[in-house]
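Below is one structure, written out as structure tokens; the observations come after it.
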Amino acid sequence: MDPSQASLVHGESAFVPPPSGDIELLIQATLNEKNAPEILQFKQDVVDRLQGALSAQEEYEEALESDMSQELRRMVLSLENKRVRYLLKMYHRTRLQKIEKFAASIVADDQYKDRLSEGSLPELARQCSLHQGSYIP
């Protein structure tokens, strides 16, 4: 079975490799975020595509668990899934560190708030409440 082709395993699920272009975009977005002085626009479309491909690939990996002749393929898929999960976590962690560091500036400027994902807004509110009394007006 060729992994570059979408094929069914016992009629359960198909192999869907994560788009390599999206992985490269995520790596570039992480590096840009680490090196930019301000918070950048969240790459929602790239993250969504990678999470969707990751879910499909994990389903395919589960389908391979019952077939011992596919053990090597399953281990390679598992390693690739872990790599993509790590890259996604690194991107989110980088953004959260920047939100923690510049929470007051982000709240003060709507332009920066618009660059956040829906999931990082509660973290921004939490950081502002933690530091509310520590800023000198």
Side-chain angles (χ1 to χ4, degrees):
M1 189 166 20
D2 183 12
S4 65
Q5 300 172 341
S7 60
L8 295 177
V9 174
H10 306 293
E12 291 180 19
S13 62
F15 173 77
V16 180
S20 62
D22 284 343
I23 293 172
E24 294 298 322
L25 287 173
L26 184 66
I27 292 169
Q28 189 63 49
T30 303
L31 292 174
N32 289 344
E33 195 71 54
K34 280 185 175 185
N35 295 312
E38 73 275 350
I39 194 150
L40 302 176
Q41 184 65 43
F42 183 68
K43 303 292 185 190
Q44 185 73 49
D45 53 337
V46 174
V47 170
D48 287 345
R49 283 193 306 265
L50 282 173
Q51 286 176 334
L54 185 61
S55 296
Q57 201 165 327
E58 287 171 343
E59 289 175 14
Y60 181 72
E61 181 187 340
E62 288 175 15
L64 291 176
E65 283 182 4
S66 61
D67 188 359
M68 291 307 291
S69 66
Q70 299 292 325
E71 184 65 19
L72 179 61
R73 179 183 308 272
R74 189 190 65 74
M75 289 189 317
V76 170
L77 286 173
S78 175
L79 188 60
E80 177 66 11
N81 290 345
K82 288 177 184 176
R83 182 177 83 99
V84 172
R85 262 190 253 114
Y86 172 78
L87 292 171
L88 285 166
K89 286 179 184 180
M90 186 171 52
Y91 178 62
H92 287 294
R93 192 177 307 120
T94 302
R95 290 184 57 84
L96 283 175
Q97 288 171 347
K98 201 172 269 191
I99 289 169
E100 289 172 358
K101 188 173 183 179
F102 300 113
S105 300
I106 294 170
V107 168
D109 192 345
D110 287 337
Q111 173 188 355
Y112 293 133
K113 262 199 284 190
D114 293 340
R115 296 178 182 180
L116 300 179
S117 67
E118 292 295 321
S120 48
L121 290 175
E123 177 61 24
L124 177 64
R126 187 179 79 76
Q127 285 298 319
C128 288
S129 67
L130 287 174
H131 299 291
Q132 190 170 9
S134 64
Y135 293 113
I136 299 172

Rounded to the nearest 0.5 Å, what's the gap from [atom1] on [X] to [atom2] on [Y]? Could you check?
X      : Y      : atom1 : atom2 : answer
Asp45  : Asp22  : CG    : CG    : 8.0 Å
Ile99  : Leu116 : CD1   : CG    : 4.5 Å
Leu79  : Arg74  : CG    : CZ    : 11.5 Å
Lys98  : Ile106 : NZ    : CD1   : 9.0 Å
Asp110 : Asp114 : CG    : CG    : 6.0 Å

Is there a donor-acceptor pair closer than 3.5 Å between any side-chain N or O of Ser55 and the backbone N or O of Gln51?
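Confirmed, Ser55 side chain pairs with Gln51 backbone.
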Report yes or no: does Arg49 contribute a side-chain atom to a donor-acceptor pair with the main-chain N or O of Gln44 at less than 3.5 Å?
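Between the backbone of Gln44 and the side chain of Arg49 there is no qualifying donor-acceptor contact (under 3.5 Å).
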Side chains of Asn81 and Glu58, donor plus acceptor under 3.5 Å:
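No.
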Show your reasoning for whether side chain to side chain contact (heavy atoms under 4.5 Å, CB included) applies to Asn32 and Lys34.
CA-CA 5 Å; Asn32 289 344; Lys34 280 185 175 185; over 6 Å; no
What heavy-atom pair brings [X] and [Y] nearest, and what distance separates the two atoms?
X     : Y      : result
Ile39 : Arg115 : O-NH1, 2.7 Å
Glu61 : Ser78  : OE2-CB, 3.2 Å
Met90 : Thr30  : CG-CG2, 4.0 Å
Leu88 : Val47  : CD2-CG1, 4.1 Å

Going by the angle between their ring planes, with limits at 30° and 60°, are Tyr91 and Phe42 parallel, tilted or perpendicular?
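Geometry flag for Phe42 against Tyr91: parallel rings.
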Residues Glu33 and Arg93 bridged, charged N to O under 4.0 Å:
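Judged by the 4.0 Å cut-off on N to carboxylate O distance, Glu33 and Arg93 do not form a salt bridge.
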Which residues pass the side-chain hydrogen bond (donor to acceptor under 3.5 Å, both in side chains) test with Asp109, sequence neighbours left out?
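Asp109: no side-chain hydrogen bond (donor to acceptor under 3.5 Å, both in side chains) contacts found.
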State whether the number of non-hydrogen atoms from other residues, nucleotides or ligands found under 6.0 Å of Lys43 atom NZ is greater than 12.
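Not buried by this count: 12 neighbours or fewer within 6.0 Å.
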Student check: side-chain heavy atoms of Ile23 and Arg83 closer than 4.5 Å:
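In short, these two side chains touch, coming nearer than 4.5 Å.
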